[in-house]
S.K.: 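This is the structure, below, for whatever I ask next.
What you see is a predicted model; the values in this text were computed from it and never measured. When a residue number appears, it is its place in the shown sequence, counting from 1. Order of appearance sets the numbers: ligands from 1, and atoms from 1 within every ligand.
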Amino acid sequence: MTATGAAAALTSAPAKVILFGEHAVVYGEPAVAAAVDLRLRVRVARGPAGGPSTINDAPLASAYHHYLSEALKAAGEDKPVAFQVEASVPGGSGLGSSAALVSASLLGLLALAGKADRASPVPRETLARLAYDVEAAAQQGRASPTDTTTVTEGGAILVGRERGPGFLWEITRGERRWSLHKVEPPAMPVVIGFTHERGRTATEVAKVARFVARTGFAKDVIREIGDVAREGAKAAARGDRAQLGKLFDRNHNLLTILGVSTPRLNRLCEVARRHAHGAKLTGSGGGGSMIAVSDEPEACAAAIRKAGGAAWVATLGAQGVRFE
Ligand code: MEV
């Protein structure tokens, strides 16, 4: 590691899918997520002295680029930085592009500061904690560490209340506490369908928070999503596709009741189910993406494309953040 730091660093982080438990995990229920082999790449370099920090050559505005502005603060960087970002998944697609951007950018910023390089990478736990703080700040405090830990650590992650096998670390915020675990990624492809509608995590999480504050019914739905996620974690460990599909459908219905699905998400789930054991929205919803578990993934992806979505057949358990 050089004391002065690198002039530039090239890093990448994977996208992620939440198999079970989005939204409910914010309230302490379990969730299962996996990194997928679609990556976001960031080149972080020193910008011209006296100029603004930039993203893809445009000035960085804290009103529009919350995540990068917060990442600069978290890394203690006060000199101009030029970020060049290239992503295989679109922003707002519910596939963790913000978390991947934060994690990959933080690693690059630490390299510029001389605190990390290929030979002495920063511990993943340190990065995951920093990335969570950045994401929570950018989302006005409402976030679980699911996305940031998944894209930083890679593989598959089980989030729970208690420590169990595969325990990685614990993250707390206020009265909430999440125990993060590394689990075996289900050995199966997952079909991802993007609606082309962009969702905003902060908006959807705030919507659910208002519902939960108003009614006991919403709290019951959150608890039931937790039950589905507990069963889902077992089905994923067994590689039981039929059961996973049933649980995807149940999880999707519960998320629809919470108000975070959209007609397009419902439509893509419906067409995917003709070639799948089940399908659900993934991530925060309000647009974004859905996933399906299928024995004929290419036919399932083709049906999603025919219905107007973008589709990928992805492998679960990609490598976490890294230098390229
Ligand atoms: C977003 O990918 C997942 C949510 O559960 C929010 C979070 O966990 O911070 C909706």
S.K.: Taking only residues two or more places apart in sequence, or in another chain, which ones meet His181 in a side chain to side chain donor-acceptor pair (under 3.5 Å)?
M.R.: none
S.K.: Under 3.5 Å, which donor-acceptor pairs link side chains of residues 313-324 to any protein atom two or more places apart or in another chain?
M.R.:
residue: Thr315; atom: OG1; partner: Asp37; partner atom: OD2; Å: 3.4
residue: Gln319; atom: OE1; partner: Arg322; partner atom: NH1; Å: 2.7
residue: Arg322; atom: NE; partner: Glu324; partner atom: OE2; Å: 2.8
residue: Arg322; atom: NH2; partner: Glu324; partner atom: OE2; Å: 3.3
residue: Glu324; atom: OE1; partner: Arg41; partner atom: NE; Å: 3.4
residue: Glu324; atom: OE2; partner: Ser12; partner atom: OG; Å: 2.8

S.K.: Flag the pair Glu224 and Lys219 as a salt bridge only when some basic side-chain nitrogen lies within less than 4.0 angstrom of an acidic carboxylate oxygen.
M.R.: no
S.K.: Running the 4.5 Å side-chain criterion over Ile, Leu, Val, Met, Phe, Trp and Tyr, what cluster does Leu109 land in, apart from itself?
M.R.: Leu40, Val42, Val44, Ile55, Leu60, Leu68, Leu72, Val81, Phe83, Val85, Leu101, Leu112
S.K.: I'd like to know if Glu231 and Arg250 make a salt bridge, using a cut-off of under 4.0 Å between side-chain N and carboxylate O.
M.R.: yes
S.K.: Which N/O atoms of ligand 1 sit under 3.5 Å from a protein N/O, and at what distances?
M.R.:
residue: ligand 1; atom: 2 (O); partner: Lys16; partner atom: NZ; Å: 3.2
residue: ligand 1; atom: 2 (O); partner: Asp147; partner atom: OD1; Å: 3.3
residue: ligand 1; atom: 2 (O); partner: Asp147; partner atom: OD2; Å: 2.7
residue: ligand 1; atom: 5 (O); partner: His23; partner atom: N; Å: 2.9
residue: ligand 1; atom: 8 (O); partner: Ser144; partner atom: OG; Å: 2.6
residue: ligand 1; atom: 9 (O); partner: Ser144; partner atom: N; Å: 2.7

S.K.: Is it the case that His277 and Asp295 place a side-chain donor and acceptor less than 3.5 Å from each other?
M.R.: yes
